[in-house]
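Below is one structure, written out as C-alpha cells; the observations come after it.
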Amino acid sequence: MTVTLIIRRTLTTCSKLGAKQIPNNLKGRSKSSQEWLTRQLADPYVEKAKMMNYRCRSAFKLLEIDEKYNIIQPGDCVIDCGAAPGSWTQVAVEKCNANGRMEKKPKGAVFSMDLLHFHSVPGATIFGGMDFTKEESKQQLIKALNGRKVNCVLSDMAPNATGVRILDQESIVNLCYDVLRFALVMSAPQANLVVKVWDNGDVPRMEKDIQRFYEKVKRVKPRSSRDDSAEQFFVARGFKGLENIMNEEKKETK
C-alpha cells in the first residue's frame with residue numbers, strides 16, 4: 001500500500017470519527033502551548049504516526065519524498081543529520097534495509113546524529129548529544145563510516161528560533177550549506193541529498209549552488225508539512241562526483 005493511500009484512508013477515518021478533539025488539560029498553560037496542543041490533537045498525521053509506531057509525524061514527510069523520488073534503496077548507506085527524536089532514522093532503516101528485514105535485499109546502514117540524546121533505533125548507529133556542525137562530530141561520523149561512501153544524506157535540522165526572522169533564515173541556510181559540504185566530500189557518485197530550508201530570499205541562490213553538484217534538484221513541500229509552516233525541502237538526486245564536476249568546470253574555463 002502506498003503512503004498516499006495510507007494517508008487518504010487515515011484522513012477518511014478521522015473524518016468519520018466526527019468532531020475535533022478538544023484538549024481538556026489547558027489550564028495554566030501559555031497561549032502558544034494551548035495552540036500547539038489543540039493543533040496536535042486535530043492533526044491526523046500525529047495519530048497515524050502513533051498507529052505505525054513512528055516517533056513523530058515528520059516520518060511522513062520523508063515517506064512522501066521517498067515514494068516520489070526513490071532516494072533510498074536497499075543496501076544504501078544513509079546519514080541522518082538532526083535526527084532526534086528518530087522518525088526519519090526509522091524510515092531510513094526500513095528503506096535501506098539496515099534492519100535486515102528484507103531477506104533477499106542487500107543490507108544498508110544508517111548513521112544518525114543530533115544535539116539531543118534520543119533512544120536507539122534498531123539497525124541504526126546513533127550519535128546523540130553531538131553537534132553536526134562541529135568538526136569533531138563530523139570526524140566521528142567519518143570514523144564510523146570506515147571508508148564507506150554515503151548514498152543518501154538527510155537533514156531535517158533547524159536552528160533554535162530566535163524570533164528574529166532574518167537571523168533564523170540565515171541560520172538555517174548556514175546549516176544547509178554545512179550539510180552540503182559534508183555530502184560533497186563523503187557521497188558516492190549518484191548519491192542523493194535532502195535538506196530542509198525555510199523559504200527566504202537566499203533559497204534561489206542555494207538551489208543554483210546545489211544544481212552544480214547534482215543532476216536533478218527539486219524544491220518540495222510534502223503534503224504532511226503543515227500549511228502554516230515555511231519549511232521546504234531540497235531533494236537533490238544524482239551526485240555528479242567531485243572529480244567529474246572539476247573536469248566540467250575546467251572545460252568551461254578554457
Is there a side-chain contact between [X] and [Y], using heavy atoms and a 4.5 Å cut-off?
X    : Y    : answer
M51  : E47  : yes
V121 : N99  : no
M113 : D80  : no
R237 : Y69  : yes
V194 : S155 : no
E170 : I166 : no
L154 : L193 : no
F60  : K48  : yes

Any donor-acceptor pair under 3.5 Å linking the side chain of [X] with the backbone of [Y]?
X    : Y    : result
E64  : R223 : yes
D202 : N200 : no
S171 : L167 : yes
N97  : G108 : no
Q232 : K196 : no
E103 : G100 : no
N192 : G238 : yes
D114 : A84  : yes
K107 : M102 : no
R55  : H119 : yes

Rounded to the nearest 0.5 Å, what separation is found between the [atom1] atom of [X] and the [atom2] atom of [Y]?
X    : Y    : atom1 : atom2 : result
M157 : C81  : CE    : SG    : 5.0 Å
C96  : D76  : SG    : CG    : 6.5 Å
R205 : I210 : CZ    : CD1   : 10.5 Å
K61  : I65  : NZ    : CD1   : 9.0 Å
L175 : L180 : CG    : CG    : 12.5 Å
F127 : L141 : CZ    : CG    : 5.0 Å

For residues [X] and [Y]: do they belong to one hydrophobic cluster (side chain heavy atoms under 4.5 Å, members Ile, Leu, Val, Met, Phe, Trp, Tyr)?
X    : Y    : answer
I126 : L116 : no
M130 : L115 : no
F234 : M186 : yes
V220 : L63  : yes

Check against side-chain contact (heavy atoms from CB on, under 4.5 Å), T125 and V110: CA-CA 6 Å; T125 301; V110 178; over 6 Å; no
Residues which pass salt bridge (Lys or Arg N to Asp or Glu O under 4.0 Å) with D66, listed by chain and number, not counting sequence neighbours: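 D66 satisfies salt bridge (Lys or Arg N to Asp or Glu O under 4.0 Å) with K95 only.
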Compare every heavy atom of [Y] with every heavy atom of [X], then report the nearest pair and how far apart it is.
X    : Y    : result
V197 : C176 : CB-SG, 4.1 Å
V93  : A124 : CG2-CB, 3.9 Å
A59  : Y54  : CB-CG, 3.6 Å
Q73  : N70  : NE2-O, 3.2 Å
V153 : V150 : CG2-CG1, 3.7 Å
T89  : S112 : OG1-OG, 2.7 Å

F182-F132 aromatic ring centre distance below 6.0 Å: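 Ring-ring flag for F182/F132: true, centres closer than 6.0 Å.
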E207 and R219 ion-paired at < 4.0 Å: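 Judged by the 4.0 Å cut-off on N to carboxylate O distance, E207 and R219 do form a salt bridge.
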Residues E94 and R101 bridged, charged N to O under 4.0 Å: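 Not counted as a salt bridge, because no side-chain N and carboxylate O are separated by less than 4.0 Å.
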Candidate pair F233 and W88, rule ring pair (Phe, Tyr, Trp, His ring centres under 6.0 Å), full reasoning: CA-CA 14 Å; F233 294 88; W88 275 33; 5.7 Å; yes
Derivation of the side-chain hydrogen bond (donor to acceptor under 3.5 Å, both in side chains) call for Q140 and E136: CA-CA 6 Å; Q140 287 286 338; E136 55 266 30; over 6 Å; no
Full working for salt bridge (Lys or Arg N to Asp or Glu O under 4.0 Å) between K240 and E215: CA-CA 7 Å; K240 298 175 183 179; E215 294 172 0; over 6 Å; no
Donor + acceptor pair across side chains of D131, S137 (<3.5 Å):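 Side-chain D/A pair, D131 to S137: absent.
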Check: Y177/D209 side-chain N/O donor and acceptor closer than 3.5 Å: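 The criterion, which ignores hydrogens and geometry beyond distance, is satisfied for D209 and Y177.
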Criterion salt bridge (Lys or Arg N to Asp or Glu O under 4.0 Å) on K134 and D178, from CA distance to verdict: CA-CA 10 Å; K134 303 296 184 183; D178 204 358; over 6 Å; no
Residues, nucleotides or ligands: over 12 heavy atoms within 6.0 Å of R165 CZ: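 12 or below, so no.
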K149, NZ: over 12 other non-hydrogen atoms inside 6.0 angstrom: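 Yes, enclosed.
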Worked verdict on N151 versus S187 for side-chain contact (heavy atoms from CB on, under 4.5 Å): CA-CA 6 Å; N151 305 107; S187 290; over 6 Å; no
